[in-house]
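In each ligand, atom 1 is the first atom listed, and ligand 1 is the first ligand listed.
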Amino acid sequence: MSRHLSPPDSEKRIIIALDFAGEADALRLLDRLDPAKCRAKIGKELFTACGPGLLRQVHGRGFEIFLDLKFHDIPNTVAGAIAAAAALPGVWMLNVHASGGRAMLEAAAESARGERHLRIVGVTVLTSLNDGDLVQTGLAGSVRDQVLRLARLCASAGLHGLVCSAAEAALLRRELGPEMLLVTPGIRRPDDSPGDQKRVVGPAEAIAAGADYLVVGRPITRAKDPAAALETFRSEIHGNFPNLS
Ligand code: C5P
């Protein structure tokens with residue numbers, strides 16, 4: 001089961017993936033959503049197209065931001081990138097590739113230490129990779145073993161949490177205990193189209209498995225009424241877990 005969050009945090013367990021090519025579409029969507037009920041994720045496509053100016057606009061509308069840039073470089077460079085990103089408006093969560101190694105992860109955690117509001121989470125194995133892909137990159141063994149190895153490395157290096165498939169959340173919660181934040185994409189209700197997601201999990205199921213935050217894109221961003229779609233996700237979570245805090 002997911003760990004306890006402070007009440008305002010618990011109200012914002014859903015992170016909306018702003019997978020748009022430009023600022024106008026992203027802001028049009030956010031203008032239809034309530035920042036007290038969700039957060040926003042800005043990834044490489046949108047950030048590369050729009051730059052930090054977009055964060056000012058998103059933060060100006062009251063949204064906290066997960067800046068999904070998956071840093072992976074030498075420790076000194078990642079530490080500098082984390083410090084620069086932390087200084088951008090509204091940044092609440094940042095991520096790094098766990099395969100950058102212990103020194104890089106420790107540098108990332110250290111760089112964020114003075115920023116009480118900021119969470120640094122690790123990406124273990126991309127869900128687009130399977131066992132065969134790992135072999136091609138020189139890694140013998142299964143995706144599952146590699147996910148576990150990197151998850152433990154992230155925890156011991158002082159990161160706040162992990163991005164993981166909801167299908168891995170129960171295993172990671174069991175292995176890592178209650179403190180690590182688990183952020184899970186690939187969330188769908190039965191009526192939602194899976195799109196290109198291969199393994200999807202329902203919102204209440206993900207929380208039951210130990211997820212803290214759910215990244216949801218198209219089921220909300222492409223809905224006719226995004227605010228109503230967000231409310232459906234939220235009521236599925238809070239209706240199934242009335243005492244969730
Ligand atoms: O539209 P959808 O709900 O599938 O969007 C999921 C979001 O989560 C996208 O921004 C995608 O890049 C991200 N993501 C993912 N799987 C991962 C890591 C991130 O779907 N393993």
Ligand-residue contact atoms, ligand 1 with [X], heavy atoms, under 4.0 Å:
{"X": "Val215", "result": "7 (C), 8 (O)"}
{"X": "Gly217", "result": "1 (O), 2 (P), 3 (O), 5 (O)"}
{"X": "Arg218", "result": "1 (O), 2 (P), 3 (O), 4 (O)"}

So that I can tick it off, tell me whether Glu236 and Arg189 are bridged by a salt bridge, with the cut-off set at under 4.0 angstrom between side-chain N and carboxylate O.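 Salt bridge absent between Arg189 and Glu236.
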Run the salt-bridge test on Arg28 and Asp31 with the 4.0 Å N-O cut-off and return the result as yes or no.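 Result for this pair is no, no salt bridge flagged.
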Which of the listed options, Ala17, Pro185, Pro219, holds the heavy atom that is closest to atom 16 (N) of ligand 1?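 Looking at heavy atoms only, the winner is Pro185.
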Just grab all the side chain to side chain donor-acceptor pair (under 3.5 Å) pairs involving residues 80-105, residues at least two apart or on different chains.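 Side chain to side chain donor-acceptor pair (under 3.5 Å) check on residues 80-105 returns Asp68-Asn95, Arg102-Glu106, Arg102-Ser156.
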Looking only at heavy atoms of Lys41, does any of them come nearer than 4.0 Å to an atom of ligand 1?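 Flag set, Lys41 near ligand 1.
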Examine ligand 1 and decide if any of its atoms is less than 4.0 Å from a heavy atom belonging to Asp19.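 True for this residue.
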Could you pull out all donor-acceptor pairs under 3.5 Å where a side-chain atom in residues 122-131 meets a protein atom, sequence neighbours excluded?
unit_1, atom_1, unit_2, atom_2, d
Asn130, OD1, Gly132, N, 3.0
Asn130, OD1, Asp133, N, 3.0
Asp131, OD1, Val143, N, 2.8

Is there a polar contact between ligand 1 and Arg188, counting only N or O atoms under 3.5 Å apart?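 Yes: some nitrogen or oxygen of Arg188 is under 3.5 Å from one in ligand 1.
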Under 3.5 Å between some N or O of ligand 1 and some N or O of Gln197?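 Among all N and O atoms of Gln197, at least one is under 3.5 Å from an N or O of ligand 1.
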Sidechain-backbone polar pair: Ser111 side chain, Ala79 backbone, donor-acceptor under 3.5 Å: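 Here the side-chain-to-backbone pair exists.
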With respect to Asp212, which candidate in Lys12, Arg39, Arg173 satisfies the salt bridge (charged side-chain N to carboxylate O under 4.0 Å, His left out) definition?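 It is Arg173, the one option of Lys12, Arg39, Arg173 that forms the salt bridge (charged side-chain N to carboxylate O under 4.0 Å, His left out) with Asp212.
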Checking a contact table here: which protein heavy atom is nearest atom 21 (N) of ligand 1, and how many Å away?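 Ranking protein heavy atoms by distance from atom 21 (N) of ligand 1, first comes Thr127 OG1, 2.7 Å.
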Rounded to the nearest 0.5 Å, what separates atom CD1 in Ile220 from atom CD1 in Ile16?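 Going from the CD1 atom of Ile220 to the CD1 atom of Ile16 covers 3.5 Å.
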